[in-house]
Number of protein chains: 2
Amino acid sequence: MKGQDVILGVLLEAPMSGYDIKHYFEKHFPDMFVASFGTIYPTLNRMEKEGLIEKEIVLQEGKPNKNIYHITEIGKEAFHAYIQSPIEPKTIKYDFMMRLVFGRYVSQQQLLEWLKQELHQLKEDLVKLRSQDEDPCDCYCDCQKLALRFGIAIQQAGVTELENIIDEFENFGQKETAF
Amino acid sequence: MKGQDVILGVLLEAPMSGYDIKHYFEKHFPDMFVASFGTIYPTLNRMEKEGLIEKEIVLQEGKPNKNIYHITEIGKEAFHAYIQSPIEPKTIKYDFMMRLVFGRYVSQQQLLEWLKQELHQLKEDLVKLRSQDEDPCDCYCDCQKLALRFGIAIQQAGVTELENIIDEFENFGQKETAF
DNA sequence: CTAGCCATGTAATCGGTTACATGATTGG
DNA sequence: CCAATCATGTAACCGATTACATGGCTAG
């Protein structure tokens with residue numbers, strides 16, 4: 001699964017600009033895929049050259065012009081190839097968890113700070129997912145609801161466990177650690 | 001958090017070869033960081049040139065020689081710089097969840113297969129984490145136990161939710177989908 | 001006998017990030 | 001007035017992956 005595949009997937013739903021695509025990503029699958037403009041624009045340009053998508057320039061008043069991209073037949077075939085390919089194993093880079101593993105090299109204060117910081121982040125993400133889940137505007141298909149539900153379950157578990165950990169931390173052990 | 005940081009972290013614990021490092025990664029933090037030999041060996045060579053680590057060649061009988069790497073003072077400083085830097089946001093690439101989102105473009109059979117496949121994978125990972133948790137051989141520090149506990153909680157939530165989803169899937173809805 | 005483990009490495013490539021550049025409009 | 005939003009792009013770089021090459025030992 002690379003940028004191209006996800007872009008094709010969202011363009012299959014509706015024609016969009018690079019700017020729109022990024023916001024779509026952030027709103028609909030923040031916990032599955034991340035892409036910056038630096039990825040999206042060059043990818044779109046390459047895809048256009050390869051004939052996977054077509055550009056339509058939309059002039060706007062008071063705003064910069066938009067490049068709205070439409071998926072082509074070739075693009076649909078490429079998406080199809082992706083969706084039929086074997087699922088790639090998930091890859092995670094979870095710095096917070098790594099810090100926990102190396103936690104003995106920092107102070108208890110630092111560790112507690114990290115825990116609270118991560119809890120805050122997880123809660124924030126959870127709120128986003130939940131609000132998305134309840135939003136009737138976006139008419140998600142059943143599958144998207146499934147994805148959302150799965151994501152929420154995982155996120156919720158993380159929040160709960162972190163809360164427990166922080167609780168124990170504040171009530172018990174203040175053992176020494178050193179670098 | 002890049003390969004180098006994690007390598008330094010494990011070398012701080014014990015001198016190791018590239019081969020060992022990979023296995024250490026897989027055993028101790030499968031759900032936090034992934035690295036292939038193609039990443040590890042070039043990284044180790046670069047790190048040696050930069051003086052972060054030192055190579056000790058260990059001759060073995062009946063097996064190829066090992067390059068055991070030791071962390072240097074410069075390496076320790078580099079690790080320290082990492083551990084003091086702000087925590088990087090986690091990045092995930094979760095193809096399975098993406099497939100769920102695009103689930104409407106495949107058959108119900110395909111979707112169900114994907115769900116079962118992922119459940120199988122999650123369960124397998126969970127067993128690994130649990131066995132690691134119970135293993136008294138590895139004397140983990142409290143922090144590592146925390147990381148493990150956190151990982152297990154998340155993994156467990158995923159398994160439970162997937163089981164529910166599959167259950168509903170098999171008992172209800174067989175609506176039509178098309179590409 | 002053959003598959004798998006042990007063990008290391010390199011060259012080519014890829015996918016993505018960072019930092020920069022541009023520039024108008026709107027809201028506080 | 002400043003920050004944010006809208007909107008696109010490029011050049012340099014980086015970290016990592018893939019595919020290949022080597023080769024002996026061990027267990028089924």
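Order of the sequence lines sets the chain letters (A, B, ...), proteins ahead of strands, with each chain counted from 1. Note that the structure is a prediction, hence the values are computed from the model and not measured.
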Chemist: Counting any heavy atom closer than 4.0 Å, what does B:Gly38 reach on the DNA or RNA strands: base, sugar-phosphate only, or nothing?
Modeler: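 Result for B:Gly38 = base.
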Chemist: Is it the case that over 12 heavy atoms from other parts of the model lie below 6.0 angstrom from the NZ atom of B:Lys2?
Modeler: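 Incorrect, the count does not exceed 12.
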Chemist: Let me spell it out: for each of A:Arg46 and A:Pro64, pick the nucleotide of DNA chain C with the closest heavy atom. Which residue's pick is nearer the 5' end?
Modeler: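 Closer to the 5' end of DNA chain C: A:Arg46.
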Chemist: B:Lys2 has an atom NZ; how far is it from atom P of D:dC14, in whole Å?
Modeler: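 Interatomic distance, NZ of B:Lys2 to P of D:dC14: 9 Å.
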Chemist: Which part of the nucleic acid, if any, lies within reach of A:Lys22 when heavy atoms closer than 4.0 Å are counted: base, sugar-phosphate only, or nothing?
Modeler: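 The answer is nothing, as A:Lys22 stays clear of every strand by at least 4.0 Å.
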Chemist: Would you say NE2 of A:His23 has more than 12 non-hydrogen atoms from neighbouring residues, nucleotides or ligands within 6.0 angstrom?
Modeler: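 More than 12 heavy atoms, drawn from other residues, nucleotides or ligands, come within 6.0 Å of this atom.
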Chemist: Rounded to whole Å, please give me the gap between NZ in B:Lys93 and P in D:dG15.
Modeler: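 Answer to the nearest Å: 16 Å.
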Chemist: Measure from CE on A:Met47 to P on D:dT8 and round the result to the nearest Å.
Modeler: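 Spelled out: CE on A:Met47 to P on D:dT8 is 15 Å.
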Chemist: Please confirm whether B:Tyr41 and B:Phe37 have ring centers closer than 6.0 angstrom.
Modeler: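 B:Tyr41 vs B:Phe37: aromatic centres under 6.0 Å.
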Chemist: For A:Phe96 and A:Tyr94, take the angle between the two ring planes, folded into 0 to 90°, and tell me which bin it lands in: parallel under 30, tilted 30 to 60, perpendicular over 60.
Modeler: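 A:Phe96 vs A:Tyr94 ring planes: tilted.
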Chemist: I need the OH-P distance between A:Tyr24 and D:dC6, as an integer number of Å.
Modeler: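 About 18 Å, once rounded to whole Å.
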Chemist: Which label fits B:His28 and B:Tyr24: parallel for a plane angle under 30°, tilted from 30 to 60°, or perpendicular past 60°?
Modeler: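 If you compare the ring of B:His28 with that of B:Tyr24, the planes turn out parallel.
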Chemist: Got a second to check how far B:Phe102's CZ is from A:Cys141's SG, nearest 0.5 Å?
Modeler: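 Answer for the CZ-SG pair, B:Phe102 versus A:Cys141, is 10.5 Å.
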Chemist: Map B:Asn67 and A:Thr39 onto DNA chain C by nearest heavy atom, then report which one ends up closer to the 5' terminus.
Modeler: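 Nearest-nucleotide comparison on DNA chain C picks B:Asn67.
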Chemist: Going 5' to 3' along DNA chain C, between which two nucleotides do contacts with chain B fall, using a heavy-atom cut-off of 4.0 Å?
Modeler: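 Span of nucleotides near chain B: C:dC5 to C:dG16.
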Chemist: Just to be sure I understand the rule, does A:Thr43 reach a base, reach only the sugar-phosphate, or reach nothing, if contact means heavy atoms closer than 4.0 Å?
Modeler: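 If one applies the 4.0 Å heavy-atom cut-off, A:Thr43 turns out to touch nothing in the nucleic acid.
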Chemist: Quick one: B:Lys63 NZ to D:dT26 C1', roughly how many Å, whole number?
Modeler: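 Rounded to the whole Å, the gap is 11 Å.
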